[in-house]
Every structure is written in structure tokens, then in C-alpha cells.
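Every chain is numbered from 1, with letters handed out A, B, ... down the list of sequences.
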2 protein chains.
Amino acid sequence: MIFIEHSATRDEKEPGVTERTGHRAAPEHTHPDDVPVLAALAALSDPVRVALVRELAGSPEWTRSCGSFDVPVGKAALSHHFAVLRGAGLVEQRDNGPRRVNRLRREEFDARFPGLLDLVLRADALG
Amino acid sequence: MIFIEHSATRDEKEPGVTERTGHRAAPEHTHPDDVPVLAALAALSDPVRVALVRELAGSPEWTRSCGSFDVPVGKAALSHHFAVLRGAGLVEQRDNGPRRVNRLRREEFDARFPGLLDLVLRADALG
DNA sequence: CCGAGTGTTCGATGAAAATCATACACTCGC
DNA sequence: GCGAGTGTATGATTTTCATCGAACACTCGG
């Protein structure tokens, strides 16, 4: 078993060059503070993305790879949806070996859009 | 005072049959409690509709007719947007003479989706 | 009863978004 | 290195949605 080193959270640290062997482009992230309200709402207006967010909220951080979600779309579309979620400041991604693991940016997103995530996550009778 | 009586809904009437004696069809409303989260978010994901909601929030109830809003779309599109807002439980409409006046369903919508309206209404630097 | 003002409906159009299939890039165990 | 596993990029197709113009419906004041 190999662990991901990469110290800890580098929120204020520029990602720069990872000390990993390969040269795989690190995913580009957008902080929730830089996300317009409309973009956040648009990102959460898609059933597939909401399913991803909900499933992600129910798992420990950095434990779910992109392919491990139960959504009825191919992997191309899936990749696209994760890009949208990243751009909306909803998820953070990190490369772990061949797979890309995810984390829901609960605190940061909540600070920027209070209550919005709770709204989407609360199990409702009406979807 | 005479109110719109509208004896019974005649949704399944054959086209062309207008046996009403000159009353306009009352707008069909959806209570926020019957609105899925996704529909609410989708309704608020459009810049024109957000502009309508914001402008409406800044005016007393039942004072704004549909045509009185400053949005860069024709009246056909405008009518469509109001229908969406109605369907999302965001606005209530009432016929007043030749015009249709509006009201933002603040309390009801807030009870169903706490914080969502505040999020959209708060004047943000980032739209 | 007519005409101006107001809003809806309909059909068409254009743009944006979701999706897929394919091809490509990277990592790791063997 | 090879090859399986994983995710991205690209291009094409489909769907969805916002928009418009025109026709229609309703109300009210002359």
C-alpha cells in the first residue's frame, strides 16, 4: 500500500508541481468564494450532479473515486459532471494512483452559500 | 366586490369550445410545498428570472404587473418566465383588470426552502 | 362597439447543455 | 515494458431551453 504524501491541505499554498513521479495535469479548482450564485444553482440543477453530491456527502472524504458512483451515465459524461462540480466549488479532487478521489467542500461551500448544501442534501419526499 | 368565481376547471374541454361568459382563466399556481428541490433550483438558475424575483422583492405586494419589469426580453418570453416562477412556487398572480399583478411568495417559499431566497436576494459582488 | 393596452399561446429558431462512442493519457501490478 | 484499470479530450448527436414574431383573448375607457 502506498499512501498519498502531499502533506496536508494546501488551500493557501499554490499547488505548483506535485512531487509525484508522473506529469499528469492536476485538476483545476475553483474556490466557492469565486463562484457566482447563478453558477452554483445551475450546477445543482442537474439530477446526476445532485446524486453525486449526495452520495459524496455520505462517504468519508477522499474515499470515493470518480468511477465509484452509481449514476446512469457513461464515464465521459461523468467526467464532465465532475468538472462542473469542481468549477462550482462543490468538490475537490486529488490524484491517487490511477484514480482521482473526491471530497465534498462542505465547509467552504457552506460559508459562501449558507444553507444551500443542506437544502440539497436533506432527504425529501419531493426530490 | 366581485371576485373571480370560475365555477369549475375545464381542462379537458374540446378546443374551440368557449362557454365561459367572458372571464379569464385564472393562473395555475403551485404551492412551494409541492415543488421539488431541483425545480426550485432550476427556476432560479436563469438570470432573467432572478432579475424578476429581485425586483419583485423590492416592491410592495400586488403592485407590479408583469409588463412593469425591466428585463431585456419580449413579452412572450416574459410570460414564459412568469409561468416558470409560478410553477416553482415563487410568485403568485392575480388578475386586476387587464393586467396581472404579482406577489413574491416569500414566507411560503422560505418555509419550504429555508435560506434559498435570501441567497438569491442578497446583493453580491459575484452575481 | 371599437380600439388601445395587456398578457397568453403557438410555431419556429438558435443556443446551450447532456450524452455517447471513440480515441488518448496516465498509473500500477505483473 | 505490457496490459488492465481509470479518467480525460474530442466530435457528433440529441435534448432542453430561451427567445422571437405573429395571432389570439381579455379588459377597459371612450
Side-chain angles (χ1 to χ4, degrees), chain A residues 1-6 18-29 38-39 41-52 63-69 71-88 91 93-102, chain B residues 2-6 10-11 13 15-29 38-39 41-52 64-69 71-88 91 93-102:
Chain A
M1 281 295 182
I2 301 181
F3 289 117
I4 333 99
E5 74 269 272
H6 203 289
T18 51
E19 30 250 306
R20 285 200 281 91
T21 62
H23 47 10
R24 187 171 173 190
E28 203 174 297
H29 287 103
L38 255 152
L41 295 177
L44 292 170
S45 297
D46 181 274
V48 174
R49 287 194 287 268
V50 168
L52 294 176
T63 62
R64 305 294 303 270
S65 68
C66 294
S68 74
F69 290 83
V71 285
V73 293
K75 49 181 197 169
L78 191 57
S79 183
H80 162 68
H81 283 303
F82 271 107
V84 173
L85 290 177
R86 246 173 19 226
V91 309
Q93 298 186 309
R94 171 200 295 174
D95 284 337
N96 183 11
R99 51 192 85 163
R100 187 159 281 193
V101 289
N102 299 276
Chain B
I2 309 276
F3 284 109
I4 323 109
E5 28 129 33
H6 198 289
R10 47 23 165 183
D11 282 359
K13 275 301 184 188
V17 180
T18 39
E19 48 188 338
R20 267 192 310 93
T21 58
H23 275 314
R24 190 160 23 170
E28 204 174 294
H29 287 103
L38 255 152
L41 296 177
L44 292 171
S45 297
D46 181 273
V48 175
R49 287 194 289 266
V50 168
L52 294 176
R64 306 294 303 268
S65 69
C66 294
S68 74
F69 290 83
V71 284
V73 294
K75 51 181 195 168
L78 190 57
S79 182
H80 162 68
H81 283 304
F82 271 108
V84 173
L85 290 177
R86 244 174 19 228
V91 309
Q93 298 187 310
R94 171 201 297 175
D95 284 337
N96 184 11
R99 50 193 85 161
R100 187 159 279 193
V101 289
N102 299 275

Tabulate protein N/O versus nucleotide N/O from nucleotides 2-6 of chain C, keeping only pairs under 3.5 Å, one per line.
none

Could you list, one pair per line, each protein nitrogen or oxygen that sits under 3.5 Å from a nitrogen or oxygen of nucleotides 10-12 of chain D, together with the distance?
none

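The nearest pair of heavy atoms linking A:L38 to B:D46 is CD2-N, 3.7 Å. Scanning both residues, B:P27 and B:D95, for their nearest heavy atoms gives CD-OD2, 4.3 Å. Scanning all heavy atoms of the two residues, the minimum distance from B:L41 to A:L44 falls at CD1-O, 3.3 Å. Minimum interatomic distance between B:V84 and B:A43 (heavy atoms only, all atoms of both residues): CG1-CB, 4.1 Å.
Scored by the side chain to side chain donor-acceptor pair (under 3.5 Å) test, B:S65 finds no partners at all (sequence neighbours excluded). Not counting sequence neighbours, A:R99 has no partner by the salt bridge (charged side-chain N to carboxylate O under 4.0 Å, His left out) test. The salt bridge (charged side-chain N to carboxylate O under 4.0 Å, His left out) search around A:R86 returns none, not counting sequence neighbours. With sequence neighbours excluded, the residues that form a side chain to side chain contact (heavy atoms under 4.5 Å, CB included) with A:A42 are B:S45.
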Run the side-chain contact (heavy atoms from CB on, under 4.5 Å) test on B:Q93 and B:E28 for me, step by step, so that the C-alpha distance in whole Å, both residues' side-chain angles and the decisive distance to 0.1 Å come before the verdict. CA-CA 9 Å; B:Q93 298 187 310; B:E28 204 174 294; over 6 Å; no
Show the numbers, then the answer: is there a side-chain contact (heavy atoms from CB on, under 4.5 Å) between B:C66 and B:K75? CA-CA 9 Å; B:C66 294; B:K75 51 181 195 168; over 6 Å; no
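Atom CG of A:N96 is separated from atom P of D:dT6 by 13 Å (rounded to the nearest Å). The separation between A:N102 atom CG and D:dT6 atom P is 14 Å, rounded to whole Å. D:dT6 atom C1' lies 10 Å from atom CG of A:D95, rounded to whole Å. Between A:L78 atom CG and C:dT19 atom C1' there is a gap of 12 Å when expressed in whole angstrom units.
Residues from residues 80-88 of chain B placing a heavy atom under 4.0 Å of any atom in DNA chain D, listed by number, are B:H80, B:H81. Only at 4.0 angstrom or more do the heavy atoms of residues 41-49 of chain B sit from any atom of DNA chain C, so none qualifies.
A heavy-atom distance below 4.5 Å is not found between the side chains of B:V101 and B:R64.
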Show which side-chain atoms of residues 76-83 of chain A pair as donor or acceptor with protein atoms under 3.5 Å away, not counting sequence neighbours.
unit_1 : atom_1 : unit_2 : atom_2 : d
A:H81  : ND1    : A:R49  : NH1    : 3.1

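Take the nearest nucleotide of DNA chain D for B:G74 and for A:S79: the residue whose nucleotide is more 5' is A:S79.
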